[in-house]
Amino acid sequence: METFHWCPERLTEDEARLLGDPADLPGRTVVEIGCGSAPCGAWVARHGAFVVGIDISREMLAHAPVVDGLAPVQADAARLPLRDACADIVFSSFGAFPFIGGLDDALREVRRVLRPGGRVVVAANHPMAWVFPDDPGELGLLACVPYHQRAYEERAADGTLEYVEYHHTVGDWVRGFAAAGLTLLDVVEPRWPEGTPEWGQWSPLRGAVFPGTAVWVAQG
């Protein structure tokens, strides 16, 4: 069975139980937003839940495992093709939210499909990490990107936009949950685990100084 990792700090659902007790998953309807190839959704489905894995990339969904109870669906996270109050749990593990400019709209859509009392868990880049360059070395400890800069863009030589990532501040997240009618219960800031090597721009060096991940936990 795959391991469900929430973030580069390798926090697992087995240890964190942010979705609740795994024994309670059978019979639940769960929506994963930005599932990619759906390793996390597959983990949840193998624990007995019915999982709808949402991703905008058909190519990523093509790599999703064939698992009973896992239904990959190509869709925009801001326009979920789901009926109101259909999900017991909605979660996202570093998927979609860094690439959504309209955070408020996305969280309202989460609230729309969530049943009353349902749980929302979103792991994303920690807002503080935005001010540091994506470098695992000493350069990655230099705060030089304005905190209130809202987007990072990469363009081709002809000016064509090739990549964009959006920055949501702490205030943006708090206000977004409140505006959507979701009650924020916790913000988990995992520490870099001892013995874990570099992973892309993430590293023990950076992890010892500031958190790279914020996991937002809320209730409908």
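Fair warning: this is a prediction, and the values are worked out from it, not measured in the lab.
In the model, Thr213 has a side-chain atom that pairs as donor or acceptor with a side-chain atom of Glu9 under 3.5 Å. There is a side-chain donor-acceptor pair under 3.5 Å between Gln74 and Arg58. No donor-acceptor contact under 3.5 angstrom links the side chains of Tyr147 and Gln149, judged on distance only. Side-chain N/O atoms of Ser57 and Asp55 include no donor and acceptor closer than 3.5 Å.
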Side chain to side chain contact (heavy atoms under 4.5 Å, CB included) assessment of Trp130 paired with Tyr152: CA-CA 10 Å; Trp130 180 263; Tyr152 166 80; 3.8 Å; yes
Test log, rule side chain to side chain contact (heavy atoms under 4.5 Å, CB included), inputs Val217 and Val120: CA-CA 6 Å; Val217 183; Val120 180; over 6 Å; no
Asp134 and Trp202: CA distance, side-chain angles, deciding distance, side chain to side chain contact (heavy atoms under 4.5 Å, CB included) verdict: CA-CA 8 Å; Asp134 286 342; Trp202 311 88; over 6 Å; no
Step-by-step side chain to side chain contact (heavy atoms under 4.5 Å, CB included) determination, Phe97 to Ile33: CA-CA 8 Å; Phe97 282 89; Ile33 296 177; 4.1 Å; yes
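No donor-acceptor distance shorter than 3.5 angstrom exists from the side chain of His63 to the backbone of Ala38, with no hydrogens or angles considered. Side chain of Arg155 to backbone of Glu162: no donor-acceptor contact under 3.5 angstrom is found. Between the side chain of Arg108 and the backbone N or O of Ala180 there is no donor-acceptor pair closer than 3.5 Å. Listed for the Gln219 side chain is no donor-acceptor partner under 3.5 Å among the backbone atoms of Thr183. Side-chain atoms of Arg112 come within 3.5 Å of backbone N or O of Leu80 as a donor-acceptor pair. Side chain of His47 to main chain of Ala42: no donor-acceptor pair is present (N/O by atom type, distance under 3.5 Å, no hydrogens or angles).
Residues Phe50 and Val113 are members of one and the same hydrophobic cluster, defined by side-chain heavy-atom contacts under 4.5 angstrom among Ile, Leu, Val, Met, Phe, Trp and Tyr. In the hydrophobic clustering of ILVMFWY residues, with side-chain heavy atoms under 4.5 Å counting as a link, Trp192 and Trp6 come out apart. Two different hydrophobic clusters hold Leu18 and Val122 under the rule that ILVMFWY side chains link at heavy-atom gaps under 4.5 Å. Leu184 and Leu103 end up in the same hydrophobic cluster when Ile, Leu, Val, Met, Phe, Trp and Tyr side chains are linked at under 4.5 Å. Hydrophobic clustering (side-chain heavy atoms under 4.5 Å, transitive across Ile, Leu, Val, Met, Phe, Trp, Tyr) groups Leu205 together with Phe132.
Residues Glu13 and Trp43 form a side-chain contact, since some pair of their non-hydrogen atoms from C-beta on lies under 4.5 Å apart. Contact of the Pro127 side chain with the His167 side chain is registered, since non-hydrogen atoms from C-beta on lie closer than 4.5 Å. Taking 4.5 Å as the limit, some side-chain heavy atom of Val188 sits within range of a side-chain heavy atom of Pro190. Contact annotation: the side chain of Glu189 never approaches that of Val215 to less than 4.5 Å [non-hydrogen atoms, C-beta and beyond]. Looking at Phe91 and Cys40, their side chains come closer than 4.5 Å, going by heavy atoms from C-beta outward. Taking 4.5 Å as the limit, every side-chain heavy atom of Arg191 sits out of range of all side-chain heavy atoms of Pro211. Looking only at side-chain heavy atoms (C-beta outward), Pro39 and Phe4 stay at 4.5 Å or farther from each other. Inter-residue side-chain proximity for Trp216 and Asp186 is flagged as unmet; no heavy-atom pair is nearer than 4.5 Å.
Expressed to the nearest 0.5 Å, how far CG of Leu114 lies from CD1 of Ile89 amounts to 9.0 Å. Within the model, atoms CG of Leu11 and NE2 of His5 stand 8.5 Å from one another, a figure rounded to the nearest 0.5 Å. Between the CD atom of Glu15 and the OG1 atom of Thr3 there is a distance of 10.5 Å, given to the nearest 0.5 Å. To the nearest 0.5 angstrom, Arg119 atom CZ is 6.0 Å from Leu185 atom CG. Taking CG of Leu161 as the start and CD of Glu154 as the end, the distance is 9.5 Å to the nearest 0.5 Å. Between the CD atom in Gln201 and the CG atom in Leu139 there is a gap of 12.0 Å [rounded to 0.5 Å].
Arg17 and Asp21 are joined by a salt bridge, as a carboxylate oxygen and a charged side-chain nitrogen come within less than 4.0 angstrom of each other.
Heavy-atom minimum distance, Gly34 versus Ala96: CA-CB, 3.9 Å. Across every non-hydrogen atom of Ile100 and Tyr166, the tightest pair is C-CD1, 3.6 Å. Taking each heavy atom of Leu107 and Leu182 in turn, the nearest pair found is O-CD1, 4.0 Å. Considering all non-hydrogen atoms of both residues, Leu142 and Pro133 come closest at O-CD, 3.0 Å. Here the closest non-hydrogen pair linking Gly53 and Leu61 is O-CD2, 4.0 Å. Summarising the geometry of Arg115 relative to Cys86, their closest heavy-atom pair is NH2-O, 3.2 Å, with the distance given to 0.1 Å.
Atom CG of Asp84 sits in a crowded spot, with more than 12 heavy atoms from other residues, nucleotides or ligands closer than 6.0 Å. Counting non-hydrogen atoms of other residues, nucleotides and ligands closer than 6.0 Å to CZ of Phe210 gives a total above 12.
Of the candidates Val44, Val90, Asp88, Val52, Val30 forms a side chain to side chain contact (heavy atoms under 4.5 Å, CB included) with just one, namely Val44.
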